[in-house]
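A, B, ... follow the sequence lines: proteins, then strands. Residue 1 opens every chain. Keep in mind that the numbers below use all heavy atoms, side chains included, and drop hydrogens, waters and symmetry copies. Being a predicted model, the structure only gives us computed values, none of them experimental.
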Number of protein chains: 2
Amino acid sequence: MKKASLKDIAQQAGVSTALVSYVLNGKEKETRVGEAIAEKIRQIAKELNYQPNHLAKSLRSGKTYTIGLIIADISNPFFANIARVVEDEAKKNGYTVIIGSCDEHAEKSWDLLNVLINRQVDGFIIVSCEGSESQVHYLKERNIPFVLLDRHFPEIQTDFVATNNYKASYDAGVHLIQSGYSKIGIMAYKSNMYHMEERVRGYKHALRDNHIEFHDSWLKEVHFETMDSEVRTAIDEILASGQRVDAMIFATYGLAINALKYINELRLKVPSDLAIVSYGQAEVFDLYYCPITYVQQPLEMLGKTAVEFLLTKLKNPEEGVKQILMEARLIARESSKAKPTAVGR
Amino acid sequence: MKKASLKDIAQQAGVSTALVSYVLNGKEKETRVGEAIAEKIRQIAKELNYQPNHLAKSLRSGKTYTIGLIIADISNPFFANIARVVEDEAKKNGYTVIIGSCDEHAEKSWDLLNVLINRQVDGFIIVSCEGSESQVHYLKERNIPFVLLDRHFPEIQTDFVATNNYKASYDAGVHLIQSGYSKIGIMAYKSNMYHMEERVRGYKHALRDNHIEFHDSWLKEVHFETMDSEVRTAIDEILASGQRVDAMIFATYGLAINALKYINELRLKVPSDLAIVSYGQAEVFDLYYCPITYVQQPLEMLGKTAVEFLLTKLKNPEEGVKQILMEARLIARESSKAKPTAVGR
DNA sequence: TTTTTTTGTTTAAACGATTAAGCAGGTTGC
DNA sequence: GCAACCTGCTTAATCGTTTAAACAAAAAAA
């Protein structure tokens, strides 16, 4: 059973395809189609279960009603959740999303970008990875609409929707300090991505503003690709250091997971041996024997707003640059509970 | 800067678009294009950074090199992992995946199906939900290639790739029994989906084969939509019953998560108060204070095989029906460790 | 020299839609 | 009675490709 096309309907109705198109697109009034023939066309369309061919429509109109979503990894719960929000929000507006995982790899990201551009997506929502500045510039030059999500490049003027990571880390630091911890480490990715730097900067400022001297050994930066092993040595080091930390901030979900596994192996007790605050969001944090304090990013709003920005841009390409930093919320749990032995406050 | 088309290249080279198409598709030999002109065309194509328009190609060829993946929810780690495997495997073969989440809702699933059919996907990989039999029949009638993944309808003859759920549950049951538990409950979705029934059936047979009488109160079926509250009452009941269970099997990840939260609230100790085996797969199971024994489904193989089945079907639509049930592996952990008070063995 | 074959290229239809423009035939206005 | 306007429809171009078929010119075979 071949799919019915406009032509098939036209033939059955004994009219031209133009009329069929008009009627089926609700333009019968403007184009003065006879009421009787219109009804007949609708009838036949229903009988043949006519479904318009999106490819043809898109080729003609230049609009595919498709948006490309480039993220690091769909199997990471943070991105999976974001993706879900984006999918739903897009669908609400008649758009379809194509998701691509680039594994924090600029090259894969380029590939994805090109594949999706060839597929004529109308625009992109992108969680940029390190070294992908050129891709952003390319999109700007080519005048392809896009919105950066979760991460952005401050030196490049673009639309973006992200979290105020500085503030989030600052809050996390202050929270730990107020809970009586004073030797606070942080683990982050080795990266010059702005959002990562901000996460570290916020933490440092929290220390500074509370008159705690920062020690270089407290900052552990690991490579994304070799995270599994590096996290372990990093933990070993940070615990062995002269200034052994009593609390740690993990700048991403992946780091926290790896660290927690190792911490369990070491039989360290959270929070008595080590207090913890992490970025990210997942069931683990609730179900861990000692529920983990975490930085709750406004996932839903991030995703929705990104879609919204992109869609308005698609409607009105001339509109000005839209940028927004959303505030995260620190969800305090057991893993950072006030130190019983705290003397200070 | 408009995108360069075949026509643009043809104009610059002073030839017809046909030649350009031939050269750029590597058909210069068969179609005897002059070597000099061919080189010139390639040169100009590179200069203009020509990227073929996928829409036009697809419209002409009837192939989009796109496959639709319909799952319950991309934010569920099981599906997210599957999706990732499918994405990678598809990309390897030059295909793009469009993912849709239907929330176990037959109606949403229909919507997705139609949207994707209109977008002319070449075929589908579908994790069917309850009540979607008609959709499967529709695809068969319309002769649209598809493979069912993870779930299937035994009464409908289709390609499928799934787990041997009967065996998996049977193994889970036997494992618990051998570990000294004898009052074993199971929580599943209220559903007449085959995979769910098999999970219950395997469990029942494990009891039967080990001369343990099954009690109706040991089987708790909850509705997917109202899972949050129903799981709690189910746990309350199964623990209050005359035949209080000492172990439980959770037939899905979602059920386990909800149950564990409640079990934590109740301050029940796993496994001493209640041993646990669960389906699903996620970091939680590793990091729970008492690592959870779980049924490890061969995610990677499931996804890869589904793509493989679909692609061979796309290449050769006439080929016979392909069905495969893969074996799961029980990963035994603390949550089902041998009962210290066990008398039997 | 004429016919056939080969070579290199163009033409044009097709995929399935949209839409500006054209064209009869009927009404209305003056 | 003739221009102007409506009404209801068709024609044909277009989007960017692919590809069978046609074609002209040159080379080979007769």
Side-chain angles (χ1 to χ4, degrees), chain A residues 1-42 44-45 48-66 94 117-122, chain B residues 1-42 44-45 48-66 115 117-122:
Chain A
M1 193 67 63
K2 276 262 51 70
K3 266 194 69 170
S5 70
L6 276 196
K7 213 201 251 176
D8 299 326
I9 300 180
Q11 249 153 19
Q12 275 215 29
V15 298
S16 71
T17 62
L19 272 203
V20 181
S21 173
Y22 291 145
V23 171
L24 265 27
N25 286 300
K27 306 214 170 132
E28 34 180 317
K29 287 285 172 293
E30 305 99 288
T31 57
R32 308 172 307 236
V33 181
E35 186 46 50
I37 217 66
E39 194 43 53
K40 186 173 179 190
I41 287 172
R42 270 190 292 267
I44 296 178
L48 297 185
N49 185 31
Y50 170 73
Q51 304 283 124
N53 181 324
H54 221 279
L55 294 177
K57 272 180 128 92
S58 297
L59 181 57
R60 182 88 222 287
S61 66
K63 298 211 55 177
T64 55
Y65 291 94
T66 304
I117 288 176
N118 291 1
R119 285 177 180 260
Q120 314 292 126
V121 299
D122 292 337
Chain B
M1 194 67 62
K2 276 261 55 64
K3 265 194 69 170
S5 71
L6 277 194
K7 214 200 247 173
D8 299 325
I9 301 180
Q11 249 153 20
Q12 274 214 30
V15 298
S16 70
T17 62
L19 273 202
V20 181
S21 173
Y22 291 145
V23 171
L24 265 26
N25 287 301
K27 306 216 170 133
E28 34 179 318
K29 287 284 172 292
E30 306 99 288
T31 57
R32 310 173 307 237
V33 180
E35 185 47 50
I37 219 59
E39 194 43 52
K40 186 173 178 190
I41 287 172
R42 270 190 292 268
I44 295 178
L48 297 185
N49 185 31
Y50 170 73
Q51 304 284 126
N53 181 323
H54 220 279
L55 293 178
K57 271 179 128 90
S58 297
L59 180 59
R60 182 84 223 285
S61 67
K63 297 211 56 174
T64 56
Y65 291 95
T66 304
V115 168
I117 288 175
N118 291 1
R119 285 177 181 260
Q120 313 294 125
V121 298
D122 292 337

Rounded to 10 degrees, the angle between the two terminal axes of the helix from C:dT1-D:dA30 to C:dC30-D:dG1, each from five pairs: 70°
How far does [atom1] of [X] sit from [atom2] of [Y], to the nearest 0.5 angstrom?
| X | Y | atom1 | atom2 | result |
| --- | --- | --- | --- | --- |
| A:Ile41 | A:Leu24 | CD1 | CG | 7.5 Å |
| A:Leu59 | A:His54 | CG | NE2 | 13.0 Å |
| A:Lys27 | A:Tyr22 | NZ | OH | 8.0 Å |

Rounded to the Å, how far apart are [X] [atom1] and [N] [atom2]?
| X | N | atom1 | atom2 | result |
| --- | --- | --- | --- | --- |
| B:Asn53 | D:dT18 | CG | P | 10 Å |
| A:Leu59 | D:dT17 | CG | C1' | 8 Å |
| A:Lys7 | D:dA12 | NZ | C1' | 14 Å |
| B:Tyr50 | D:dG16 | OH | P | 10 Å |
| B:Tyr65 | D:dT18 | OH | C1' | 13 Å |
| B:His54 | D:dT18 | NE2 | C1' | 14 Å |

pair B:Lys57-B:Asn25: side-chain heavy atoms closer than 4.5 Å: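 Yes, side chains in contact.
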B:Lys57 vs D:dT18: side-chain N/O to OP1/OP2 distance below 4.0 Å: yes
For B:Tyr50, ring pair (Phe, Tyr, Trp, His ring centres under 6.0 Å) partners two or more places apart: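 Residues passing ring pair (Phe, Tyr, Trp, His ring centres under 6.0 Å) with B:Tyr50: none at all.
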Close approaches to DNA chain D from residues 29-37 of chain A, in residue order (heavy atom, under 4.0 Å):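 Contacting residues: A:Arg32, A:Val33, A:Gly34, A:Ile37.
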Interface with DNA chain C, restricted to residues 12-19 of chain B and to heavy atoms under 4.0 Å: B:Gly14, B:Val15, B:Ser16, B:Ala18, B:Leu19
Nearest heavy atoms of B:Val23 and B:Ala38, plus distance in Å: CG1-O, 3.8 Å
Heavy-atom closest contact (B:Thr64 atom, B:Ser58 atom, distance): CA-OG, 3.5 Å
Evaluation steps, side-chain contact (heavy atoms from CB on, under 4.5 Å), between B:Thr66 and A:Arg119: CA-CA 10 Å; B:Thr66 304; A:Arg119 285 177 180 260; 2.5 Å; yes
Touch class at under 4.0 angstrom, heavy-atom based, for B:Gln51 against every strand present: sugar-phosphate
Nucleotides bounding contact with chain A, strand DNA chain C, heavy-atom threshold 4.0 Å: C:dC15 to C:dA20
Check: A:Thr17 side chain, A:Leu6 main-chain N or O, donor-acceptor pair, under 3.5 Å: no
Main-chain N/O of B:Leu55 paired to B:Asn53 side chain as donor or acceptor, under 3.5 Å: yes
Which residue lies more 5' along DNA chain C, comparing B:Tyr22 with B:Ala56 via nearest heavy atoms: B:Tyr22
Among A:Val15, A:Asp8, A:Ile44, side-chain contact (heavy atoms from CB on, under 4.5 Å) partner for A:Val20: A:Val15
Evaluation steps, side-chain contact (heavy atoms from CB on, under 4.5 Å), between A:Gln12 and A:Lys40: CA-CA 10 Å; A:Gln12 275 215 29; A:Lys40 186 173 179 190; over 6 Å; no
Test side-chain hydrogen bond (donor to acceptor under 3.5 Å, both in side chains) applied to B:Lys63 - qualifying residues, sequence neighbours left out: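 side-chain hydrogen bond (donor to acceptor under 3.5 Å, both in side chains) check on B:Lys63 returns B:Tyr95.
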Test log, rule side-chain contact (heavy atoms from CB on, under 4.5 Å), inputs B:Lys3 and A:Asn118: CA-CA 10 Å; B:Lys3 265 194 69 170; A:Asn118 291 1; 4.2 Å; yes
